[in-house]
Amino acid sequence: CFSGVRMTPEVAAAFHAAGHQEKSGVSAGLDFLVLKDPASTSSKAEKARSLGIKIISLDNFIANLK
C-alpha cells in the first residue's frame, strides 16, 4: 500500500515484475506500507503499526527493488 507518494511508471513496472500487488488500504496480510514520511501519524500509518506492518519510505522501497 502507498500513501502520500506516487510511483513513476518505471518503479511501478519493477514493483510488479518483483511479484508485488498494490493494495488500496491497510489490513492484515499487508507486507509493507510505503509512506512519504515513515514517521507519519496518519490513520494508515497508525493502523499499520497496530498490525505490525513494516513502514518504509519511497526511497527505501525503490532501493530494495534494485
Side-chain angles (χ1 to χ4, degrees):
C1 182
F2 296 84
S3 185
V5 298
R6 298 275 183 246
M7 285 194 292
T8 65
E10 295 81 15
V11 172
F15 174 79
H16 294 293
H20 298 297
Q21 294 180 5
E22 188 174 355
K23 305 289 183 180
S24 61
V26 175
S27 61
L30 186 68
D31 293 324
F32 53 87
L33 173 62
V34 180
L35 295 176
K36 181 177 182 177
D37 175 13
S40 171
T41 58
S42 70
S43 60
K44 280 185 180 179
E46 292 300 320
K47 185 171 183 181
R49 286 185 190 96
S50 73
L51 294 171
I53 296 169
K54 183 177 181 177
I55 298 174
I56 59 174
S57 68
L58 182 60
D59 290 339
N60 189 345
F61 169 73
I62 291 170
N64 285 314
L65 281 177
K66 297 178 180 180

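Both backbone and side-chain heavy atoms feed into the values below; hydrogens, waters and symmetry mates do not.
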Original post:
Which atom names give the shortest non-hydrogen contact between Ile53 and Leu33, and what distance separates them?
Top reply: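 That closest heavy-atom pairing would be CG2-N, 4.0 Å.
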Original post:
Which pair of heavy atoms, one from Ala45 and one from Leu35, lies closest together, and at what distance?
Top reply: CB-CD1, 3.7 Å
Spatial distance of atom [atom1] ([X]) from atom [atom2] ([Y]) [nearest 0.5 Å]:
| X | Y | atom1 | atom2 | answer |
| --- | --- | --- | --- | --- |
| Lys44 | Ser24 | NZ | OG | 7.0 Å |
| Phe2 | Lys36 | CZ | NZ | 15.5 Å |
| Ser57 | Asp37 | OG | CG | 9.5 Å |
| Lys47 | Ser27 | NZ | OG | 6.5 Å |

**OP:** Step by step, work out the side-chain contact (heavy atoms from CB on, under 4.5 Å) result for Gln21 and His16.
**Re:** CA-CA 7 Å; Gln21 294 180 5; His16 294 293; 6.0 Å; no
Decide whether [X] and [Y] are clustered together by the hydrophobic rule: side chain heavy atoms of Ile, Leu, Val, Met, Phe, Trp, Tyr closer than 4.5 Å, transitively.
| X | Y | answer |
| --- | --- | --- |
| Ile62 | Phe15 | yes |
| Leu51 | Phe32 | no |
| Val34 | Ile55 | no |

**OP:** Kindly write out the residues that satisfy salt bridge (charged side-chain N to carboxylate O under 4.0 Å, His left out) with Glu46, not counting sequence neighbours, or none if the list is empty.
**Re:** Arg49
Subject >> Ile56 backbone acceptor or donor facing Asn60 side chain under 3.5 Å >> reply: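 Checking the backbone N and O of Ile56 against the side chain of Asn60, no donor-acceptor pair under 3.5 Å is found.
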